[in-house]
> 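What follows is a structure written as structure tokens; I'll ask about it next.
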Amino acid sequence: MPSQKIETGHQDVVHDVAMDYYGKHVVATSSDLSIQIIGVSNTTSQQLATLTGHQGPVWQVVWAHPKFESLLVLCSYDGHVTIWKEGNQNEWIQAHVFDDHKSFVNFIAWAPHKVGLCLACGSPDGNISVFTARPDGGWDTARIDQAHPVGVTSVSWAPSTAPSALVGSGLLDPVQKLCFGGCHNTVKVWKFYNGNWKMDCFPALHMHINWVREVAWTPNLGLL
């Protein structure tokens, strides 16, 4: 398949792009403070919507799983994490704004959809925040203060299927486990136990001599 050039309409550096679950829409974020939503096909692209409201460069964008409808989350230099929801076609509303961090938010990640609508955020302020949607439309907030005191650089959710869940008897609750990289050269794993987030590796994984820039879990079908 030949490459396709997409004109985003941005007036400054593009920091992140993300394609939706069905491969029909691309979202691009930029230092021009805007977010562009673009429709794509095999041969053409079309700018569909422009989202504004951030007061600093927008670092990252992530689509939620389609079971939660058309939902985007973005994080910015202004310290805000914003959730946008599509109402009518190509009409987006800002559904929620989180401003829990004291510095810019540089990494966000949705949990596996089996866990529910749940979002993890990391920041150079050293704190981790986890936001979970409630049935009434509100959000519960959990914080891990000074999880990485020098700053959080990356975040990744573990697969929600527990080891051996597919070959054991009975159903197990989805796993809620997070991995974070930090500016102090370490990786830490946190797991949700009895309503609280606790470290799941002792000591922290300290294998590098400089910043850990990115972390990722291997896929897991629950067979190991």
> When rounded to the nearest 0.5 angstrom, what is the spacing between CG in L72 and CD in Q94?
12.0 Å
> Parallel, tilted or perpendicular, judged at 30° and 60°: which one describes the rings of H96 and W139?
tilted
> Would you say the ring centers of W197 and F192 fall short of 6.0 Å from each other?
yes
> Verify, without hydrogens or angle tests, whether T52 (side chain) and S34 (backbone) share a donor-acceptor contact under 3.5 angstrom.
no
> Any non-hydrogen side-chain atom of V61 less than 4.5 Å from a side-chain atom of V73?
no
> Does any N or O in the side chain of R143 come within less than 3.5 Å of the main-chain N or O of S129, such that one atom is a donor and the other an acceptor?
no
> Please indicate whether E69 has more than 12 foreign heavy atoms, meaning atoms of other residues, nucleotides or ligands, lying under 6.0 Å from its CD.
no
> Verify the neighbour count for atom OH of Y21: are there more than 12 heavy atoms of other residues, nucleotides or ligands below 6.0 Å?
no
> Looking at Q55, is its backbone amide N or carbonyl O close enough to the side chain of D78 to form a donor-acceptor pair, meaning the two atoms are under 3.5 Å apart?
yes
> With a 3.5 Å distance limit and no angle check, can you tell me whether D32 reaches the backbone of Q11 through a side-chain donor-acceptor pair?
yes
> Give a yes or no on whether the backbone of K102 and the side-chain of D125 come within a donor-acceptor separation of less than 3.5 Å.
yes
> Would the number of heavy atoms belonging to other residues, nucleotides or ligands and lying under 6.0 Å from CG of N194 be above 12?
no
> Could you tell me if the side chain of F104 sits less than 4.5 Å from the side chain of S123, heavy atoms only?
no
> Is H80 reaching over with its side chain to a backbone N or O of T82, donor-acceptor style, under 3.5 angstrom?
no
> Could you grab the distance from atom OG of S70 to atom CH2 of W63, nearest 0.5 Å is fine?
6.0 Å
> Judged by modelled atom types alone, do Y193 and D200 share a side-chain donor-acceptor pair under 3.5 Å?
yes
> Just by distance, no angles: are the side chains of Q36 and T50 close enough, under 3.5 Å, to form a donor-acceptor pair?
yes
> So, does S30 use its side chain to make a donor-acceptor pair with the main chain of V13 at under 3.5 Å?
yes
> Between W92 (side chain) and L51 (backbone), is there a donor-acceptor pair under 3.5 Å?
no
